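First the structure, in the form of structure tokens, and then the observations on it.
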Amino acid sequence: MDVREEAATPPLHPLGPEFADVNIADCPSRLILEHITSRWGTLALAALLDGSHRFGELRRRIGGVSEKMLAQTLQTLERDGFVHRHAHALIPPRVDYTLTALGEQAARQVWTLARWVEGHVPEVVAAQEGYDARRE
């Protein structure tokens, strides 16, 4: 095989090419995608793009999220390797959340999508209203 052909061939996933395909029903990538594109996942990742935040700071920045949902979301993102939780040995306890390198990449991607959505709200609302009017 020619060196140029070898370089053009995308690297295979270590567990096989079929392992990482979001079109396969039981592919783990679907669950990961759900974690980062959920409402709270996207907003938590985006908030952490600004740097390290404590839990209360994140909750104030992400309007409407409950304490329980934010805790679950951060735990899930931490498990996936997107968020780092640093508990300081202080009294009172202090915990900071930051993005990992992988988390920063994911956050930039979903934040771009979120900003695109913000910029197209009028068009989507008009489409929704038109759809609803046709259905009546």
Side-chain angles (χ1 to χ4, degrees):
M1 180 186 287
D2 184 73
V3 174
R4 288 171 293 179
E5 290 175 16
E6 208 171 286
T9 304
L12 297 178
H13 189 280
L15 298 177
E18 71 282 354
F19 186 76
D21 183 345
V22 295
N23 292 313
I24 296 174
D26 61 350
C27 181
S29 63
R30 283 192 179 186
L31 192 54
I32 297 166
L33 183 63
E34 182 180 324
H35 295 164
I36 63 175
T37 60
S38 70
R39 174 183 4 180
W40 306 126
T42 296
L43 295 175
L45 289 168
L48 289 168
L49 273 171
D50 293 340
S52 179
H53 289 286
R54 296 176 72 179
F55 186 88
E57 293 170 336
L58 284 172
R59 186 149 182 243
R60 285 188 293 278
R61 287 204 55 178
I62 303 170
V65 68
S66 70
E67 189 172 316
K68 178 182 176 183
M69 280 307 305
L70 182 56
Q72 288 176 351
T73 299
L74 290 170
Q75 186 175 35
T76 298
L77 294 173
E78 180 183 10
R79 181 174 183 263
D80 288 345
F82 298 123
V83 170
H84 175 73
R85 180 183 185 273
H86 183 250
H88 301 273
L90 300 172
I91 297 177
R94 178 187 168 117
V95 178
D96 290 308
Y97 295 90
T98 57
L99 292 174
T100 63
L102 186 63
E104 185 171 340
Q105 292 175 24
R108 291 193 185 289
Q109 296 296 319
V110 296
W111 189 235
T112 298
L113 177 59
R115 297 302 296 211
W116 181 89
V117 168
E118 287 175 337
H120 291 84
V121 167
E123 296 161 82
V124 174
V125 168
Q128 291 169 342
E129 291 170 351
Y131 177 89
D132 293 344
R134 289 188 303 274
R135 303 281 292 176
E136 291 176 355

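In this text, all values refer to a predicted model and were calculated from it rather than measured experimentally. Side chains are part of it too, since the values below use all heavy atoms of this structure and drop only hydrogens, waters and symmetry mates.
Every pair passing ring pair (Phe, Tyr, Trp, His ring centres under 6.0 Å) that includes a residue from residues 74-110 is listed here, sequence neighbours excluded: His86-His88. The ring pair (Phe, Tyr, Trp, His ring centres under 6.0 Å) contacts involving residues 116-136 comprise Trp116-His120, where partners must be two or more places apart or lie in separate chains. Within the structure, ring pair (Phe, Tyr, Trp, His ring centres under 6.0 Å) pairs that include any residue of residues 20-65 do not occur (at least two apart or interchain).
Take Arg115 and apply the side-chain hydrogen bond (donor to acceptor under 3.5 Å, both in side chains) test, not counting sequence neighbours, and it matches Glu118. Residues satisfying the side chain to side chain contact (heavy atoms under 4.5 Å, CB included) test with Gln72, not counting sequence neighbours, are Lys68, Met69. Partners of Glu78 by side-chain hydrogen bond (donor to acceptor under 3.5 Å, both in side chains), not counting sequence neighbours: none found. Every side-chain hydrogen bond (donor to acceptor under 3.5 Å, both in side chains) that Arg94 has, sequence neighbours left out, goes to Asp96. The side-chain hydrogen bond (donor to acceptor under 3.5 Å, both in side chains) check on Arg54 picks up nothing, with sequence neighbours excluded. Judged as a side chain to side chain contact (heavy atoms under 4.5 Å, CB included), and not counting sequence neighbours, Thr112 has no contacts. Looking at residues two or more places apart in sequence or on another chain, you find a side chain to side chain contact (heavy atoms under 4.5 Å, CB included) between Asp26 and Ile24.
If you chain together hydrophobic residues whose side chains sit under 4.5 Å apart, Val117 and Leu49 never meet in one group. Follow the hydrophobic side-chain contacts under 4.5 Å out from Leu77 and you never reach Leu31; the two are in separate clusters. Hydrophobic clustering, with ILVMFWY side chains joined whenever heavy atoms are under 4.5 angstrom apart, keeps Leu113 apart from Val22. Hydrophobic clustering, with ILVMFWY side chains joined whenever heavy atoms are under 4.5 angstrom apart, groups Leu43 together with Ile32.
The heavy-atom pair separating Cys27 from Ser29 by the smallest distance is SG-OG, 2.9 Å. The two residues Gly103 and Leu45 come nearest to each other via the heavy atoms O-CD2, 4.2 Å.
Under the 4.5 angstrom side-chain criterion for Ile, Leu, Val, Met, Phe, Trp and Tyr, the cluster partners of Val121 are Val125. Grouped by direct or indirect side-chain proximity (heavy atoms under 4.5 Å, Ile/Leu/Val/Met/Phe/Trp/Tyr only), Ile91 sits alone.
A 4.5 Å side-chain heavy-atom check between Ile36 and Gln109 finds every atom pair outside the cut-off. In this structure, Leu58 and Leu48 have side chains that are in contact, with non-hydrogen atoms separated by less than 4.5 Å. A 4.5 Å side-chain heavy-atom check between Ile62 and Leu70 finds at least one atom pair inside the cut-off.
A side-chain donor-acceptor contact under 3.5 Å links Thr100 to the backbone of Gly81. With hydrogens and angles disregarded, no donor-acceptor distance shorter than 3.5 Å links the side chain of Thr98 to the backbone of Arg85.
Under a 4.0 Å N-O distance rule, the pair Glu104/Arg108 qualifies as a salt bridge.
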